[in-house]
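Read the structure below first, then the notes.
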2 protein chains.
Amino acid sequence: MFFSRTFAALADPNRQSILQTLKKGEAPVAIIAENLQISLATISHHLDILKRADLVSSRRSGRQIFYNLNMSVMEEISEALLKFIGSKKTKK
Amino acid sequence: MFFSRTFAALADPNRQSILQTLKKGEAPVAIIAENLQISLATISHHLDILKRADLVSSRRSGRQIFYNLNMSVMEEISEALLKFIGSKKTKK
DNA sequence: TTGATAATTAGATATATATCTAATTATATA
DNA sequence: TATATAATTAGATATATATCTAATTATCAA
């Protein structure tokens, strides 16, 4: 339903770690990998999930692929949560 | 890491549907079940997950158990997301 | 106390996810 | 063009998750 893919993407600790790394600015996979103890193949897989959740984007530069944070979806989720909370009928 | 359990809980469409139902106020399982096409056992399982993610609470009244939305965690997540976004180094 | 009702728990299963190693693709450079 | 580098894709596997039916627990009412 709403943001299912994004919530699922945000639920994994390794993916959260990737997002933390990207907070400092765009980075190639090698840099992202420095903070993780999993294989490059698995990191690629996580990056794919983050991409399909619209949480990151990527661009190739030479042999490297740089990943970038995409903040708009997080904003949308934050807003949706606040709206959800706000719309709740509060009892007496 | 951060809110992993809650993000995972929010990722499932049936659980989202449960939260939507509870937005109108507390409800027993039978009412929650009206909007879902899955067994009561599975609904119990989803309610357990929502409870362990602190998204709902419950109280027994006679033979029924009433479930209730817990908004504080959603607030926390919303804030954490905004903080995360805000703390990102924006380039030039 | 017996039976009915409301919900959870147990046990099984099918699907999804995270992970790995090995193979492949894309790019740069000697 | 051959080789090295950066990353992804393929294929396999183990674990987690969603789901079901059947059994159990808790409560109420006859």
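Chain naming here is simple, since letters A, B, ... match the order of the sequence lines and numbering starts at 1 in each.
Remark: the A:Thr21 side chain and the A:Asn35 side chain contain an N/O donor-acceptor pair separated by less than 3.5 Å. Side-chain atoms of B:Ser58 and B:Lys51 form a donor-acceptor pair, as typed in the model, at a separation below 3.5 Å.
Rounding to the nearest 0.5 angstrom, the gap separating the CD1 atom in A:Ile77 from the CE atom in B:Met74 is 12.5 Å. Between the CZ atom of B:Arg5 and the CG atom of B:Leu50 there is a distance of 12.5 Å, given to the nearest 0.5 Å. Rounding to the nearest 0.5 Å places CG of B:Asn70 at 10.5 Å from CG of B:Leu19.
Atom pair A:Leu10:CG and C:dA18:P shows a separation of 12 Å (rounding to whole Å applied). For A:Ile65 and D:dT5, the CD1 to P distance is 18 Å, given to the nearest whole Å. As a whole-Å value, the separation of B:Ile31 CD1 from C:dT5 C1' is 15 Å. One atom, CD1 of B:Ile18, and another, P of C:dA7, lie 13 Å apart when rounded to the nearest Å. C:dA7 atom P lies 12 Å from atom CZ of B:Arg59, rounded to whole Å. Here the P atom of nucleotide D:dA7 and the CD atom of A:Glu34 are 11 Å apart, to the nearest Å. At whole-Å resolution of the value, CZ in B:Arg5 and C1' in D:dT17 are 14 Å apart. Rounded to an integer number of Å, the gap from A:Leu47 CG to D:dT8 P is 6 Å.
Of all nucleotides listed (D:dA7, C:dT8, C:dA6), C:dA6 comes nearest to the side chain of B:Gln64.
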Exercise. Can you check side-chain contact (heavy atoms from CB on, under 4.5 Å) on A:Asp54 and A:Thr6, steps first, answer last?
Worked result: CA-CA 8 Å; A:Asp54 266 326; A:Thr6 311; 5.9 Å; no
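Nucleic acid contact for A:Phe66: none, since no nucleic acid atom lies under 4.0 Å from a heavy atom of the residue. B:Ala8 comes within 4.0 angstrom of nothing in the nucleic acid, heavy atoms only.
Distances shown here put every side-chain N or O of A:Tyr67 at or beyond 4.0 Å from the OP1 or OP2 atom of D:dA6.
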Exercise. In the 5'-to-3' direction, what one-character label does each nucleotide of nucleotides 19-24 of chain D receive under the scheme B = base within less than 4.0 Å of a protein heavy atom, S = sugar-phosphate only, - = no such atom?
Worked result: BBBB--
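When each of B:Leu69, B:Asn68, B:Ile31, B:Leu55 is paired with B:Leu22, the side chain to side chain contact (heavy atoms under 4.5 Å, CB included) condition holds for B:Leu69 and for no other.
The cluster map of Ile, Leu, Val, Met, Phe, Trp and Tyr, joined by side-chain heavy atoms under 4.5 Å apart, puts A:Phe84 and A:Leu10 in the same cluster.
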Do any N or O atoms of the protein come closer than 3.5 Å to N or O atoms of nucleotides 26-29 of chain D, and which pairs are they?
from, atom 1, to, atom 2, distance (Å)
D:dC28, O2, B:Arg63, NH1, 3.4

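A:Arg52 meets the salt bridge (charged side-chain N to carboxylate O under 4.0 Å, His left out) test with A:Asp48; sequence neighbours excluded.
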